[in-house]
Amino acid sequence: MAAMTTRPCPCGLSEPYEKCCGRFHSGAAAAPTAEALMRSRYSAFVRLDAGYLLRTWHPRTRPAQLNLDPGMRWTGLEILDTTEGSAFHAAGTVTFRASYRGGSLHERSRFERVDGAWVYVDGEFLA
């Protein structure tokens, strides 16, 4: 019998998807920090999980729907900076670069807690 292989999570951490962002996507756990939420949202973009993205978007800025492009190929996530966003904060930012086939997206995202859970508020594109 062949051994089962597990791939690292798309978010860039070495844990397998099921033990990393997969547990957030399934609802088995909540992201404990703004950075963990950012990583899980990147993984949701990779996996075309619009439901998770909408569930983790702040109610005041969340779009009514999200149409993800199945042709988009995300190739990597690099966390450049974080401010606050821990279990002891109500808000935080994560600056990141998300690479895709043909380019990259550089953004500073803002996160807040709503009913104790981290949610994405909005982002500022950086040069």
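Residue numbers count from 1 along this sequence.
- Of the possible donor and acceptor atoms, none in the side chain of R39 sits under 3.5 Å from a partner among the backbone N and O of E35.
- In this structure, S99 OG and E78 CD are separated by 7.5 Å, a value rounded to the nearest 0.5 Å.
- Within the structure, no pair that satisfies the salt bridge (charged side-chain N to carboxylate O under 4.0 Å, His left out) test touches residues 46-56, not counting sequence neighbours.
- No donor-acceptor pair under 3.5 Å is formed between the side chain of R41 and the backbone N or O of M38.
- V121 and L126 are not part of a single hydrophobic cluster, where members link through side-chain heavy atoms under 4.5 Å apart.
- With a 4.5 Å cut-off on side-chain heavy atoms, T83 and T95 do not count as touching.
- Taken from OG1 in T93 to CZ in R108, the straight-line distance is 6.5 Å, to the nearest 0.5 Å.
- Every side chain to side chain donor-acceptor pair (under 3.5 Å) that R60 has, sequence neighbours left out, goes to H58, E112.
- Note on V114 and L54: separate hydrophobic clusters, where clusters join Ile, Leu, Val, Met, Phe, Trp and Tyr whose side-chain heavy atoms are under 4.5 Å apart, directly or indirectly.
- Here the closest non-hydrogen pair linking F24 and P32 is CZ-CD, 3.8 Å.
- Side-chain atoms of E107 and S109 form a donor-acceptor pair, as typed in the model, at a separation below 3.5 Å.
- For residues 106-127, the set of pairs meeting the ring-ring contact (aromatic ring centres under 6.0 Å, His included) definition, not counting sequence neighbours, comprises W57-Y120, F111-Y120.
- Under a hydrophobic-cluster definition in which Ile, Leu, Val, Met, Phe, Trp and Tyr are linked whenever side-chain heavy atoms come within less than 4.5 Å, directly or via other members, L48 and L105 are assigned to the same cluster.
- The two residues Y42 and G76 make their nearest non-hydrogen contact at OH-N, 2.9 Å.
- Between W74 and V46, the shortest heavy-atom distance links the atoms CB-CG2, 3.6 Å.
- Among all heavy-atom pairs drawn from R113 and S86, the shortest one is NH2-O, 3.4 Å.
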>> Go through it in stages, so that I can follow the logic: the residues are R7 and Y17, the test is side chain to side chain contact (heavy atoms under 4.5 Å, CB included), and I'd like the CA-CA distance, side-chain angles, deciding distance and then a yes or no.
In response: CA-CA 7 Å; R7 303 175 109 205; Y17 168 76; over 6 Å; no

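- The hydrophobic clustering, which links ILVMFWY residues whose side-chain heavy atoms are closer than 4.5 Å, places L77 and F45 together.
- Hydrophobic clustering, with ILVMFWY side chains joined whenever heavy atoms are under 4.5 angstrom apart, keeps L13 apart from L80.
- Residues E15 and P8 form no side-chain contact, since every pair of their non-hydrogen atoms from C-beta on lies 4.5 Å or further apart.
- Residues Y100 and R73 have side chains not in contact (no heavy-atom distance under 4.5 Å, counting atoms from C-beta outward).
- In this structure a side-chain-to-backbone donor-acceptor pair under 3.5 Å is present from S43 to C11.
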